[in-house]
Every structure is written in C-alpha cells, then in structure tokens.
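Convention: sequence-line order gives letters A, B, ...; per-chain numbering from 1.
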2 protein chains.
Amino acid sequence: MHSENDKYFSKTIEKGLLILSLFDRDHSKRSLSEISQITGINKTSVFRFVNTLIELGYLRKNSSNRLIRLGPKSFVLGQNFFHGYDLLQGVKPIIDKTSIQHNVSIDSALLFGRSLISLYRREHPSLIYSRLPILMDDLHARALGKAVLANLESEELTEILKSLRLTKLTPKTITKKKDLLNDLKATRSRGYSVNNEEYFPGMIFIGAPLSNYNTKVVAGAVSLGFRAAEFPLSIIERNYTGILTKMASELSAIITSLDA
Amino acid sequence: MHSENDKYFSKTIEKGLLILSLFDRDHSKRSLSEISQITGINKTSVFRFVNTLIELGYLRKNSSNRLIRLGPKSFVLGQNFFHGYDLLQGVKPIIDKTSIQHNVSIDSALLFGRSLISLYRREHPSLIYSRLPILMDDLHARALGKAVLANLESEELTEILKSLRLTKLTPKTITKKKDLLNDLKATRSRGYSVNNEEYFPGMIFIGAPLSNYNTKVVAGAVSLGFRAAEFPLSIIERNYTGILTKMASELSAIITSLDA
DNA sequence: CATCTCCGTTACTATTATAGTACCCTTATT
DNA sequence: AATAAGGGTACTATAATAGTAACGGAGATG
C-alpha cells in the first residue's frame, strides 16, 4: 500500500484499484470480509467501494452466497488494457520477426519496481512451457532477471538484492549472493546474461537488457531460449548473441521512442 | 456517466475508472485537458486522479510532451482480469471441444446493458476475420444479437430497440424495424437465430441464446459460422442446429452455476 | 520580438465524501 | 434455542474533493 502524503493523490482511487486487483486467475471469488482483511480497509468502506464497483459492472455479486467476482466491465477493460498497451504493440512485431527469422523462442519483460512483468513471449512451435507467471520474482535464476540486475545502478541493485530471495529452483541455480554478484559482473562485461539450466532443467537462456536511450535507465530485458540437449552453450554463444543484442537494440529504440 | 444517489456509492472510484477506461487499442495516448473534456470532470480533479494513477503505475506520462499512456500496472491488471474472468474460463473448454469435434467456428457473447461483449471466439483454422470488436453494437445484423433480442422481455426489447440503429452492413441486412420484429418472432419459435449474409457478405451464422436457468434471464448467445459458398443455409439448418442448441444448453448450465 | 493562447500545475477553502463506531439482521452452526 | 459470523445500515467527526482562481512555460501568431 502506498502512503503518499502528496496533496494531489486520491486515496479512494488507490483503494478501489487495490480491491479490483485482488481478483485474478487464482482468486476469482472473494467475500467482503476477506477483502477487508487483505486490504486493511474498514468494512463499511469496502462495502461502499464494492457496491460501487458492482453498480458500475466491474464486479458482480452472487445473490445467494454473496461472493464477489469480476464483472463484464472488468473483462472489457482487461482486453482494452492488453490491446492498448503501446509497449506491447511496439515490441510484438520485432519479436515475431526475429523469432520467425531465426527459429528461436523469445521472451521479454519490463522492470517495474522490484519485479519483472512478462511483456511478450513467442515460442518456437515445438517448445511449450506450462503456465508462466505474469509477474516474475526469481530474477536471480533467469536470463531476463540477470540482464536487468547487471545493468542497474549500484544503489538500486543493493536495494533489490536486499529483498530478493535466492530460491533454489534447479541444481544449478545460483543461491549465494557473492556468486550472483560475480555473475552479474561477468554479464555486464559480456553484454548478455546466461541462464544455464538455473531456472528450468534442460533449458538454456541468454538475455540482454533493454534501456531507454534518453534516460539511460534499464527498462527491461529480452531473452532467447534453447533446449540444452539440442544447443550446447558454446554453440549458442557463438551463433545467437549477435541476434540477441541486435534485437535488444531495436527494442530499446522502440521503448525510447514511446517513453521519450 | 452514472448519476447514483446511492449513499453507498463512491463517485471518486467511478471517475477513476472512467479515466482509465478511456485508454484502449485506438487511444493509447491522451492529454489532461482531453480527458477533462471527455469525462466532464474538472481539470484539477483530473490532474489529481491522473497523478494518482501515475504514482500507482496504472498510467505513465511522457516527460517531454506530457501525454498520458497506460502504465505497466494496467497491463498486469488487464491480464489478471482476462484470466480471472470465470465466465470465460468456464465457457472456453466447452466451445473448444465443440469446435474441434464438429470442425466449426464458434463465437460467444454476453449481454451487458444494451450491447454485447465478445466473450470467446474459436475459429476453424481456414477462416480468419479481421479485427473484430470487443463490444458489439450491430445486434440487428448478427446471429448473436438476434438470438439475444428474440428472448428478451418485451419491455427491455423495446428499450433496446429504441437506441438501436439498424445500420445497413450488407445488401441483406435487415434495416426496417418491422422486418426485424418478424425475424425475432421467427427466431423465438425456431429456437435459433439466422444471420444470412447480413453482417458479412459470404458468411452465414446461426445463433442460440444463453440464459441463467434460475433467473430465466438472457445472459448472452453463442453462434456457429459458415462460409455460404461451402454450406448452403438448408444444409446448416439440417446438420448444425442440434449441435448449436446442445452447446447452448451446456453453456447456460455453466452460466447458471457461476451466477447462481 | 512581443503578445497571445493553451495547457499543465499549484493555492486555497467551502462543500462533500469517507472512516469508523455501533448496531441490526440474516444465515449457518452447535 | 443460543451463538457466532458476515453482510448491511445509521450516524457524525474528520478528512478529502470540487471548483475557482491564478501562475508559468511552451508554442503559436502577428
């Protein structure tokens, strides 16, 4: 929860959106008191806000058990947000083109606060992963994450590292902060990050940062993914890093133009 | 704009969502004064609300030209709304199954207010339409629309017909209210609606209503689509109406269980 | 080059909405 | 029947918003 003292900040809107954002893939129904507990907003206010959202069609209430769910207006809003997000629309054609041209799987993400947001993913037809998260937290175990971390300012990096838990996801996952810092240093000098079966066994990824050329700030990352059985790391580094960095600079140009 | 006298209704939340909903596929950037004009909300309030939405990450502002765009939080919210919308998740497997089993294109929509919301569409691989709308207004020219209209209460029907413009989309589009009423009567007795090249030349659709079995209220519709060149209407009516109505009842059961 | 205009932003209060407590009602539980 | 828990309502002190006014910068216009 934000705690803005800003005069030009509406706490009511913050609360309304906080309530709406409680509904997702894993939480399609919630009760009033549950919402009140989670958000810390008082019961009466939650009642007022939920009532408002129901009247507007963003939520709906089951008349028998009183459980609250997303309404049709949220569904429409969701699609508008998806299709109206200019960064996605800008990034998609470039990733599609590169994926088709070189027959590779590509993933991209944006940095927002301390986590990465999955922006667009294009998979080589034969590869299918299971349901991947929209918000990614395991930055230490991903090519995308390491590409971003390696190019942050040192203050911001230490800030993020403080709250980053180095969870062991595979035998090769980096779990010591010192090892991670060394990896990031190598990443920075190399110009691209390597995830060698650290997130998913049998999968190798290489990643490059995306940045806003004007502000020089890291905005996200792109990665290429390969099956380790088909592509040894040496082959990947020889044949694909050029493709990766070229795509990264194209994407950075787009981001720069949109964020201007 | 709602004008609720309701005591338990937050106008601030209404305004915040009104502002957010101005951003979609066709409007990825807007200025402050533009937002103020469109919404009728006073400039200072728009400034406060937009500022709030920017601080929360739902919008972002270009620092040079001050234009406002969707932010990463909206993108995340959009995906959560899409994947968290239980009606979609409930309807999808049934439509997928039917589409694969009978090799047909299927479209579905929900009634919300006076318009239909496109819920889920599954196309037979060889058919591709251009960008279809999320909100559908031409109810008179669509199988989905006519299936819904034919099963409304007469009061609600006249209410909707009042604001429905019978736009001519193809030579076969129904443009006279009397003809439409006759078609709806036929639709009701038949149990399914027919769109014979009235929306798109060369395409025939048949549609059936979806309803909540408890409340007996029409909730939406499903339709099957065919190329007129391949499937004459007589063949469609002989072979596919059973499939359509069976699917419609399965979907209605889902809707009933979720809306309880 | 001066002026005008538009837009975003800030300052300031009267007015209005919200927070929070208390209380009631319905439903589920024992 | 008693109890508990959750949803919904009433009420008022308190805090937030609406709206007017006014400022400053950027771009347009003469």
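When rounded to the nearest whole Å, the span between CG of A:N51 and P of D:dT9 equals 8 Å. As a whole-Å value, the separation of A:F9 CZ from C:dT18 P is 16 Å. Between the P atom of D:dG19 and the OH atom of A:Y8 lies a distance of 14 Å, rounded to the nearest Å. The interatomic distance linking A:F47 (CZ) with D:dC11 (C1') rounds to 15 Å, in whole Å. Between A:R30 atom CZ and D:dG6 atom P the separation is 15 Å, expressed in whole Å. In this entry the distance linking CD1 of A:I19 with C1' of C:dA19 reads 13 Å, nearest Å. Here the C1' atom of nucleotide C:dA17 and the CD1 atom of A:I41 are 15 Å apart, to the nearest Å. The interatomic distance linking A:I54 (CD1) with D:dG7 (P) rounds to 11 Å, in whole Å.
Both A:F49 and B:S33 sit near DNA chain C, but only B:S33 has its closest nucleotide nearer the 5' end. Nearest-nucleotide mapping onto DNA chain D: of A:I13 and A:S31, the residue sitting toward the 5' end is A:S31.
In this model, the phosphate group of D:dA18 is approached by a side-chain N or O of B:S45 to a distance below 4.0 Å at OP1 or OP2. Using a 4.0 Å cut-off, some side-chain N or O of B:R66 falls inside it from OP1 or OP2 of C:dT9. Phosphate proximity of D:dA16 to B:R48: absent, as no side-chain N or O sits under 4.0 Å from OP1 or OP2. For C:dT13, neither phosphate oxygen OP1 nor OP2 lies less than 4.0 angstrom from any side-chain nitrogen or oxygen of A:K7. A close approach under 4.0 Å does not occur between any side-chain nitrogen or oxygen of A:K15 and OP1 or OP2 of C:dT18. One finds a side-chain N or O of B:K11 lying less than 4.0 angstrom from the OP1 or OP2 phosphate oxygen of C:dA17. Remark: B:S10 is in phosphate contact with C:dT18, judged by side-chain N or O atoms under 4.0 Å from OP1 or OP2.
Candidate nucleotides D:dT20, D:dG8, C:dA19 were compared by shortest atom distance to the side chain of B:N42, and D:dT20 ranks first. Closest contact between the side chain of B:K43 and the listed nucleotides D:dA10, C:dC23, C:dG8 involves C:dG8.
B:T44 comes within 4.0 angstrom of a base, heavy atoms only.
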Would you give me the side-chain donor-acceptor pairs under 3.5 Å for residues 110-117 of chain B, sequence neighbours excluded?
| residue | atom | partner | partner atom | Å |
| --- | --- | --- | --- | --- |
| B:R114 | NH1 | B:S163 | OG | 3.0 |
| B:R114 | NH2 | B:E159 | OE2 | 2.9 |

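Ion pair B:D96/B:K92 flagged as a salt bridge, since at least one NZ, NE, NH1 or NH2 atom sits closer than 4.0 Å to an Asp/Glu carboxylate oxygen. One finds a salt bridge joining A:R60 and B:D86 here, because a Lys/Arg side-chain nitrogen approaches an Asp/Glu carboxylate oxygen to under 4.0 Å. A salt bridge is absent between A:E34 and A:K29; no separation between the charged side-chain nitrogens and carboxylate oxygens falls under 4.0 Å.
Inter-residue side-chain proximity for B:I95 and B:R121 is flagged as unmet; no heavy-atom pair is nearer than 4.5 Å.
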